Every structure is written in C-alpha cells, then in structure tokens.
Amino acid sequence: MKTAARTLDLFEAFAAAQKPLNLSELANALQIPVSSCFALVRTLENRGYVYMLAAKKGIYPTKRILDVASKISASDPVLDRVEDELAKLRDTSGETIVFSKRQSDHIVYLDVYDSANSIRYNTQVGDFKMLHASSGGKAFLGAMDEVELDEFIAQLELTRYTPKTLTTPKALLADLAVSRKRGWYANISESVSDLIGLAVTVSLSGELYSISMAGPVYRMKPNLQALVAALLKTQRAIQSAD
C-alpha cells in the first residue's frame, strides 16, 4: 500500500512542479528518504515510466503513463456514453460540469468538463467531495429510501465549510425533501462561499451517477432557472439513451 501511494505521489509531484526534479527534490516532495526515493525511481525507470536527463539535470516521466491512461480512458464503460451530452451542457451553460460516483461517505469526480470562463469552478478528475456539502453528494443522498437515509445521516460527519453549510441532520433532511420534490439538488455557498452547484442523478445500467454544474454565484444565480432546465434536459437525454 505504501509503495502504491508513493508511486502516485511521485507522478503528482511532477505534475505540480512541471519540470524535471533531481533525486533530492523528489524525495523532499514525497517526504521520504533519498534511498527509498532512489529505489522507487529505479523501478519506474526499468519499467519505462521515467527517464534520466543528463548528469545533474534530473528525472522526468516518459509518455508511457499517458499512453496507458489513454488506453484505459478509451475503454471506459461509462464515460463514452455521457461525453457528448456533458460537453454540450458545458457549452450551453458556460459552467463547469462534473460527472461523479458515490464511494461510501463521499463522491469521486470521474470526469470534469471545464468552463471556458476565466472565473470558473476549478477542480480535477479524482477529487473527493463530502456528501452533505456538494450538490452531487446531496443528489446521491436524495436517491436513498427514507429508512436508509435516516440511518446514514445519523452516522455521517457533517463538517462545516462555510456559514451556510448544513451541519445538522434536521437541516439536511429538510433540504433533501425540498430537492426531491423539485427534482434537482443545490449547493449554494455551502462548500465555498462564492460557489453554486446544481445536480441531478442518472442511472446507467443500474448504476447511479450524478451530473453537477458549478460556477460563481454572481453569474449563476441570475440564470438559475435556465441552468436548471438545461441540466434536466441533459438528464433526460442520457436516461433515454440507456
């Protein structure tokens, strides 16, 4: 487990630095001994995932990881079924669109369609968000039956992120009841003060996913109903194609 985590940390360190790193810099970024870092680098070098530049110029990943990731992504059993509709929603709304899956007590972002606006919701694939303070998370909670929901929320940690975060079961359940009735879920300044998130769920081959739209309050709030209509239209299009 430790080696797997360190390998992922290594590639993320290069992504953050966006330049070659020498062994000491890499060990510092990973917070591990230089000897352990050397062993990890040597293993990856032997597998063709990193290469050594000229003496003292550092280490850098090869494109092998990109090739592997591209092949995996191209064969994803879900994302290619929603890609066109989600890209269309991003272009129509002008906001960032996120496709997510619930994992225990949080959601993980499976795909992100970035807004073209300079001021936008910035996130990335693989990010985790808590269920109670994200529009996508609320959509998953709202899909539970009443008994399951009551039991689940009773043990859910309702962390406060902003003054508007719903941090009591009573407040969260009331919000979910309203959202179920209208058919969509919202996070209005509950995770980030100047952010709005809107979400719905879609079922694909019996598996539940969420589609979220997120952007700044000043831009989304005046157009809320039109944005909700676009989100619901996308939900219908994806569900009808399943």
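Just so you know, these numbers come straight off a predicted model, no measurement behind them. Numbers for residues simply follow the sequence, beginning at 1.
- When atom types are taken as modelled, the side chain of Thr92 and the backbone of Lys88 share a donor-acceptor pair closer than 3.5 angstrom.
- Other residues, nucleotides and ligands contribute over 12 non-hydrogen atoms within 6.0 Å of the CD atom of Gln155.
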message: Apply side chain to side chain contact (heavy atoms under 4.5 Å, CB included) to residues Val108 and Leu110 and explain how you reach the verdict.
response: CA-CA 6 Å; Val108 59; Leu110 302 181; 4.1 Å; yes

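- Checked by atom type and distance alone, the side chain of Ser193 never pairs as donor or acceptor with a backbone atom of Ser189 at under 3.5 Å.
- Considering Thr43, Val41, Val68 as possible partners of Tyr49, the one that fulfils the side chain to side chain contact (heavy atoms under 4.5 Å, CB included) test is Val68.
- Counting only residues at least two apart or in different chains, ring pair (Phe, Tyr, Trp, His ring centres under 6.0 Å) contacts with residues 57-102 comprise Phe14-Tyr60, Phe99-Tyr209.
- Note on Val147 and Leu141: separate hydrophobic clusters, where clusters join Ile, Leu, Val, Met, Phe, Trp and Tyr whose side-chain heavy atoms are under 4.5 Å apart, directly or indirectly.
- Met220 and Leu195 are assigned to two separate hydrophobic clusters, defined by single-linkage of ILVMFWY side chains at heavy-atom distances under 4.5 Å.
- Annotation: salt bridge (charged side-chain N to carboxylate O under 4.0 Å, His left out) contacts involving residues 40-50, sequence neighbours excluded, comprise Arg42-Glu45.
- Here side chain to side chain donor-acceptor pair (under 3.5 Å) pairs that include residues 104-118, with residues two or more places apart or in two chains, are Tyr109-Tyr121, Asp111-Tyr113, Ser115-Asn117.
- Within the structure, side chain to side chain donor-acceptor pair (under 3.5 Å) pairs that include any residue of residues 140-154 comprise Glu146-Arg180 (at least two apart or interchain).
- Every side-chain contact (heavy atoms from CB on, under 4.5 Å) that Ser212 has, sequence neighbours left out, goes to Val98, Ser135, Ala199, Ser210.
- Ser240 meets the side-chain contact (heavy atoms from CB on, under 4.5 Å) test with no other residue; sequence neighbours excluded.
- Checking side-chain atoms of Asp127 against main-chain N and O of Gln124 turns up a donor-acceptor pair under 3.5 Å.
- Note: Met130 CE to Leu156 CG = 6.0 Å, rounded to the nearest 0.5 Å.
- For residues 215-234, the pairs satisfying side chain to side chain donor-acceptor pair (under 3.5 Å) are Glu95-Arg219, with sequence neighbours left out.
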- request: Could you check Arg102 against Leu208 for side chain to side chain contact (heavy atoms under 4.5 Å, CB included), going step by step and ending with a plain yes or no?
  value: CA-CA 8 Å; Arg102 177 187 161 199; Leu208 201 63; over 6 Å; no

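- Annotation: side-chain contact (heavy atoms from CB on, under 4.5 Å) contacts of Thr62 (sequence neighbours excluded): Tyr51, Arg64.
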Under 3.5 Å, which donor-acceptor pairs link side chains of residues 163-177 to any protein atom two or more places apart or in another chain?
unit_1	atom_1	unit_2	atom_2	d
Thr165	OG1	Tyr161	N	3.0
Thr165	OG1	Thr162	N	2.9
Thr165	OG1	Thr162	O	3.2
Thr165	OG1	Glu190	O	2.5
Thr167	OG1	Arg160	NH2	3.1
Thr168	OG1	Ala171	N	3.2
Asp175	OD2	Lys138	NZ	3.1

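- In this structure Arg120 satisfies the side chain to side chain donor-acceptor pair (under 3.5 Å) test together with Asn122, sequence neighbours excluded.
- Applying the side chain to side chain donor-acceptor pair (under 3.5 Å) test to pairs two or more places apart or on separate chains, none has a residue in residues 13-31.
- Sorted pairs that involve residues 173-200 and meet ring pair (Phe, Tyr, Trp, His ring centres under 6.0 Å), not counting sequence neighbours, are lacking altogether.
- Considering Asn187, Ile211, Ile188, Leu227 in turn, Leu227 is the only one that fulfils the side chain to side chain contact (heavy atoms under 4.5 Å, CB included) rule with Leu198.
- A distance-only check finds a donor-acceptor pair linking the side chain of Gln235 to the backbone of Thr201 [under 3.5 Å].
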